[in-house]
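Below: one structure, written as structure tokens.
This structure is a prediction, so every number in the text was calculated from the model and none was measured. Letters A, B, ... mirror the listed sequences (proteins, then strands); counts begin at 1.
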Protein chains: 2
Amino acid sequence: MAEVRRTIDLLWFPDGEPEGKRRGRRPGLTVARVVETGIALADAEGLEAVSMRRVAQELGVVPMTLYTYVPDKSALLDLMLDRLYLEMPRAGHPDRPWRERLAAVAGENRRLYTAHPWAATLPASRPPLGPGLMAKYEHELRAFDDCGLDDVTRDAALTFLIGFVQAAARSEADVRAAEARAGSTDFEWWQERGPVFELVFDQHRYPTATRVGAAAGSAMGAAYEPGHAYEFGLARVLDGLAALIGTAGSR
Amino acid sequence: MAEVRRTIDLLWFPDGEPEGKRRGRRPGLTVARVVETGIALADAEGLEAVSMRRVAQELGVVPMTLYTYVPDKSALLDLMLDRLYLEMPRAGHPDRPWRERLAAVAGENRRLYTAHPWAATLPASRPPLGPGLMAKYEHELRAFDDCGLDDVTRDAALTFLIGFVQAAARSEADVRAAEARAGSTDFEWWQERGPVFELVFDQHRYPTATRVGAAAGSAMGAAYEPGHAYEFGLARVLDGLAALIGTAGSR
DNA sequence: GGCGTATTGTGTACGACGTACAAGTAACAG
DNA sequence: CTGTTACTTGTACGTCGTACACAATACGCC
């Protein structure tokens, strides 16, 4: 609880008290510097590389020093994510059809996850209300202007859209992680499994799965194209929202 | 890599070599027992409770014993998840409209996550091909019978549907985790924040966000209803798929 | 200027985790 | 009975997050 309060304060007042009002030792670092280092590490080596020890090492201090800047590791992760949200490019919503506006919002989020894949794999991904998240939320809600949705529905629709993009990014991260762990698991790999192959690819037991999986199921050796799942899903999302917004609400 | 092979073998041949073919010391446990214990622990206390030490303790052995049954912890988690998939109730697909069939599939998955919330929060959620996953995949693909979709699209549509349910479950788990960490962060809580409150709820800076958030945004103090987001989203998903399947493909 | 207080920084250590490796124990085959 | 196989345990390592006590620095006040 106290850590959450501290995190909120750090999000909105990262520099703490004004310079002239302070006593005591001058800090050698800033919260922003700690956060940027965390982000740089995550971008370069993935989220697992972001340990307090490692971040401290990059900054040339001992790990416990970081605790004078952030209350705990989860706060650091929250701050890192909010920073991404604050800095992600956001186009305005010119006078375009709603469908284009929503696709643009989805694209902005997708580019964030493409640039920072770790952001899709944070352990608990419900971020606190920081300046980044607020700006993002405001911007994205605006894409629904003039769609004829009431506030509750607008929020739910945005949640649905963003939830999809996040889930797609996380799924892609999972595929990459599984491949890193297992290497290629193509059809030849499965054939080398011997007896287990006969069980998995049993056309009598799994007729549809073996047929469809061979054509499309990446887990079964077919080529995996992350972009396809995203594009297909986004079209579904937009079609699903279209049924809600209808033609009367569109402009 | 070797661990992945071993995991696959364990999934399909959990008892290993037949009894009569074996030499050496008799095992005191079974893989199934280890997996069941992991599941029981996760169900009772959440995924963080599932450490090798804790599972071993529950089984009355030392942690290293478990490594004679599973190659590593991630394999244990994979086995646990596949077991859930194998055991989840699956209704047949009687002669019902496709929309009902898909909603039923979504419901089966949702009930799995409701019964086992930890399943939505596994660190890397791309499970290997086990008997549970294959049975699940076969069953769920069948819900798309006679929808007029080619194999690649059928797979993508199922991925989209299941991806949504998973994402919703994960989101709900995140909300619960955040609340457990922070306690209630309702509007009164925010008002107690003092100066930061003015920044967050700045109607000049975030006009749409403050208005919509107050009505619907759970992160801003409004009541959160997990079921609503799921129902809303599922309707969007089904509407989005309807645009694909159309009336010609439905039966 | 000195003392009290506030704030940052470090040294040391703890508990927890996953798991390597060596040695011990039990069971089968010849 | 011996060699081999397979399970079990003891011990330990490296890594992690972070508690706590002490040290170092800087300001305010008398």
Whole-Å distance between [N] [atom2] and [X] [atom1]?
| X | N | atom1 | atom2 | answer |
| --- | --- | --- | --- | --- |
| A/K73 | C/dA16 | NZ | P | 19 Å |
| B/R54 | C/dA16 | CZ | C1' | 13 Å |
| B/R25 | D/dT8 | CZ | P | 6 Å |
| B/M64 | D/dC7 | CE | C1' | 12 Å |
| A/Q57 | D/dC16 | CD | P | 10 Å |
| A/M52 | C/dT12 | CE | P | 20 Å |
| A/Y67 | D/dC22 | OH | C1' | 19 Å |
| A/L76 | D/dT18 | CG | P | 10 Å |

N-O pairing of [X] and [Y] below 4.0 Å:
| X | Y | answer |
| --- | --- | --- |
| A/D174 | B/R170 | no |
| A/E138 | A/R90 | no |
| A/E36 | A/R83 | yes |

Q: Find which nucleotide of DNA chain C each of A/G60 and A/R53 is nearest to by heavy atoms, and output the residue with the more 5' nucleotide.
A: A/G60
Q: Could you pull out the closest heavy-atom pair between A/D155 and B/A216, with the gap in Å?
A: CB-CB, 3.5 Å
Q | Phosphate OP1/OP2 of C/dG9: any A/Y69 side-chain N/O under 4.0 Å | A | yes
Q. Taking side chain as C-beta onward, heavy atoms only, is A/F201 less than 4.5 Å from A/Y206?
A. no
(Q) Considering every strand and a 4.0 Å limit on heavy-atom distances, what is the contact class for B/R22: base, sugar-phosphate, or nothing? (A) sugar-phosphate
Q: Just call it for A/S51: base, sugar-phosphate, or nothing, with non-hydrogen atoms closer than 4.0 Å on any strand.
A: sugar-phosphate
Q.
Pick the closest DNA chain D nucleotide for A/R26 and for A/E3 by heavy atoms, then say which residue is nearer the 5' end.
A. A/E3
Q) Nearest of C/dT5, D/dT18, D/dT5 to any side-chain atom of A/R23? A) C/dT5
